[in-house]
Amino acid sequence: MTALVPAPCDLVVADLGGTTLRVGRIRAGTSEVRDVRRVPTDGLGRYGTRDPQELQDRVMEQLTREIAADVARPGQPPARAVAVSFAGPMTSDGVVLAGPTLWGGPAARLPVADVLAGQLGLPVVVANDVTAAAWRYASAESEPFCLITVSSGIGNKVFRHGEIVCDERGYGGEIGHWLVDPAEDAAPCECGGRGHLGAIASGRGALFAVRAAAAADTGAFARSALAGPSGGVPDAITNEAFAAAARAGDTFAREALRRSLRPLASAVSLLFTAIGVRRYLFVGGFALALGDTFLTLLGDELVRIGCFGLDEYATRAMLALGEDDDDHCLIGIGQLAAARLGAPRALKAPA
Ligand SMILES: [Zn+2]
């Protein structure tokens with residue numbers, strides 16, 4: 001009989017983000033991450049703007065070095081495979097196409113899975129970070145569901161039929177770069193464009209908007225809960241103070257937030273009406289800092305826009321928050337790798 005479920009084994013898991021590289025261990029088939037080490041990523045965040053190819057080389061050298069150190073660490077059970085969550089779009093066979101938060105501008109296509117497998121002599125599973133985060137919820141959520149990260153930008157992935165819905169060449173799951181404000185002076189996006197959803201409804205975009213609202217209506221700003229922490233200076237408003245004021249029910253902060261979330265509600269309504277996804281999980285620093293306030297205001301806007309065929313209760317019931325921790329990608333890439341290791345022909349993960 002063919003064994004479809006892999007025997008328990010240790011995976012070395014890594015989460016390569018723009019500021020931090022995390023490396024830890026996880027027993028395949030479980031969600032318990034242990035011995036996690038965190039080091040600053042040797043890329044754009046640490047060295048600033050340099051030649052993207054030089055930064056890509058540094059990032060890849062560091063990733064290989066840190067994983068190799070974990071694989072060889074004394075006292076650990078032998079690692080049977082390596083699984084890496086990578087902050088960038090990639091093809092279905094583990095080739096990273098871009099690394100805007102890792103090395104900035106254009107550099108060579110990077111076959112991460114092949115390079116690591118060659119260096120480490122172990123099976124390697126690599127996936128995009130939002131894909132990895134979605135896999136964390138694959139066993140607990142009914143399909144289909146959509147994971148949306150809302151932090152300094154916005155990303156999404158739809159999970160359906162045991163897989164992420166994504167093109168082989170990495171297209172899909174990028175609603176953060178959907179144009180929602182065509183004005184020439186619209187808020188700048190981290191991709192270099194303007195007026196994209198991720199520039200408007202992200203933590204960065206909402207902060208940009210509330211500062212502008214404070215400068216435009218100094219009377220309302222002076223009466224709001226934001227005036228004290230910012231010393232009455234619009235540009236001194238922080239995301240922390242903004243989130244705290246919105247959670248506490250401050251009208252000025254909540255209305256600014258509501259306006260920022262309006263295009264995100266449109267995106268959810270579009271996804272629902274286009275392909276019938278009825279479950280949306282939100283993670284990312286901004287959404288989780290706002291907590292229930294985020295769900296309430298987004299739900300208000302979604303009800304106002306409408307989701308064809310759904311009543312208010314069913315519309316609000318689509319929205320939920322994910323776990324409030326930093327482990328989405330590590331746990332999720334471990335789950336994805338366990339699924340792949342049960343199917344030996346597909347060791348390289350979809351983007
Ligand atoms: Zn963009």
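In this chain, numbering begins with 1 at the start of the sequence shown. Since the model is a prediction, treat every value here as computed from it, not as a measurement. Both counts, for ligands and for their atoms, begin at 1 and track the order of listing.
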Item to check | Distance flag, aromatic centroids of Tyr280 and Phe145, threshold under 6.0 Å | outcome: no
Item to check | Salt-bridge contact Glu32-Arg27 (side-chain N to carboxylate O under 4.0 Å) | outcome: no
Checklist entry - In total, how many protein N/O/S atoms does one find closer than 2.8 Å to the Zn ion (ligand 1)? => result 4
Item to check | Summary of ring pair (Phe, Tyr, Trp, His ring centres under 6.0 Å) pairs that have at least one residue in residues 180-223, sequence neighbours excluded | outcome: His177-His196
Checklist outcome for this item: Residues passing the salt bridge (Lys or Arg N to Asp or Glu O under 4.0 Å) test with Arg258, sequence neighbours excluded, are Glu255, Asp300, Glu301
Checklist outcome for this item: Sequence neighbours excluded, the answer for salt bridge (Lys or Arg N to Asp or Glu O under 4.0 Å) partners of Arg223 is none
Next on the checklist: Looking at Asp42 and Arg58, is any side-chain nitrogen of the basic one under 4.0 Å from a carboxylate oxygen of the acidic one?
Outcome noted: no
